[in-house]
Protein chains: 2
Amino acid sequence: MKRDDAIDAFSALAHETRLAVFRLLVKAGPEGVPALEIARRLEAKPSTLSGHLGILKRAGLVTATRRQKEILYAPNFGAVDALVRFLLEDCCGGEPGSCGELAGLGATISG
Amino acid sequence: MKRDDAIDAFSALAHETRLAVFRLLVKAGPEGVPALEIARRLEAKPSTLSGHLGILKRAGLVTATRRQKEILYAPNFGAVDALVRFLLEDCCGGEPGSCGELAGLGATISG
DNA sequence: TTCATAATTCGTCAATGCCCGAAATGACGA
DNA sequence: TCGTCATTTCGGGCATTGACGAATTATGAA
């Protein structure tokens with residue numbers, strides 16, 4: 001995870017519709033949801049939503065796979081993992097500070 | 001954590017300087033760093049940085065406490081915790097999906 | 001009080017992001 | 001091939017964000 005990748009990911013999530021899309025995909029699970037189905041559920045215009053999906057995809061937060069005519073979008077949990085570890089890197093300079101209860105997060109979620 | 005709070009937090013982190021500020025504070029630990037010291041380390045103009053600190057503070061990502069003439073800024077780890085849990089809420093509809101290794105994250109980092 | 005340091009607020013300007021309809025592309029079935 | 005469904009691309013117009021210097025507020029020391 002590089003600085004600019006993190007900024008792209010945070011920018012992608014810093015938008016009402018895109019955040020809703022990501023959370024919807026998280027709830028839906030790894031199988032994925034077709035683009036138009038997402039648009040229908042969020043009451044968004046297909047063209048507008050397509051732009052948002054492209055941004056989420058470029059940010060690495062979602063994956064897109066074709067199934068017949070449809071394109072299924074699914075969340076990339078590894079991206080969230082990487083993002084949090086980047087954010088908390090070298091927490092408290094390695095010392096067990098007030099962040100102690102969170103310091104193990106990186107190790108925990110990276111498996 | 002409400003939707004708009006999450007958007008404010010992601011927006012705050014979706015900026016080169018603000019992201020650098022937060023990560024600097026994470027590394028520095030819970031004691032905090034004075035505003036001008038942050039500006040000096042990041043080679044940013046004080047007035048510009050002040051705006052960024054205000055945004056981070058309003059987003060709940062950092063806290064500010066005065067010590068003598070200085071104002072010390074420190075990271076709010078609880079905000080990161082809440083943000084991640086909001087993002088992964090109801091992961092895979094509760095089923096043990098591919099997000100299995102991350103599903104316990106909320107419980108893990110919330111202590 | 002008076003001065004110096006620390007930090008914030010304000011005003012302007014440039015740049016970026018967002019929405020939507022219309023048109024174009026890609027994939028499948030008859 | 002032809003038609004249809006699913007999705008993306010494009011162009012225009014509006015709103016928001018970001019940077020910076022100058023002026024302002026706040027604190028502590030002489």
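Every value quoted in this text rests on a predicted model; they were computed, and no experiment measured them. In the text below, chain A, chain B and the rest are named by the order of the sequence lines, each starting its count at 1.
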Does [Y] offer a backbone N or O that forms a donor-acceptor pair with the side chain of [X] under 3.5 Å?
| X | Y | value |
| --- | --- | --- |
| B:Arg3 | B:Ala6 | no |
| B:Arg58 | B:Ala12 | no |
| A:Arg18 | A:Ser11 | yes |

How does protein reach along nucleotides 7-20 of chain D, written 5' to 3' as B (base within reach of a heavy atom under 4.0 Å), S (only sugar-phosphate), or - (no contact)? SBB--------SSB

Find the bend of the helix from C:dT1-D:dA30 to C:dA30-D:dT1 as the angle between its two terminal axes (five pairs each), to the nearest 10°.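 The two end axes of the helix from C:dT1-D:dA30 to C:dA30-D:dT1 meet at 30°.
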
Cluster check A:Leu49, A:Ile55: I/L/V/M/F/W/Y, side chain < 4.5 angstrom: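 No, no single cluster joins them.
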
Do B:Leu36 and B:Val62 sit in one hydrophobic cluster, given that two such residues count as connected whenever their side-chain heavy atoms are within less than 4.5 Å of each other, even indirectly?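 They do not share one cluster, since no chain of ILVMFWY contacts under 4.5 Å joins B:Leu36 to B:Val62.
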
Does atom CD of A:Glu31 have more than 12 heavy-atom neighbours, drawn from other residues, nucleotides or ligands, at distances under 6.0 Å?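 Not more than 12 within 6.0 Å, no.
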
Taking everything shown except A:Lys27 itself, do over 12 heavy atoms lie less than 6.0 Å from its NZ?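 Yes, NZ of A:Lys27 has more than 12 neighbouring heavy atoms, counting only those of other groups under 6.0 Å.
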
Do the side chains of A:Leu24 and A:Arg41 get nearer than 4.5 Å, heavy atoms only?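 With C-beta onward as the side chain, the pair touches.
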
B:Ile38 CD1 to C:dA7 P, straight-line distance once rounded to whole Å: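 Spelled out: CD1 on B:Ile38 to P on C:dA7 is 8 Å.
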
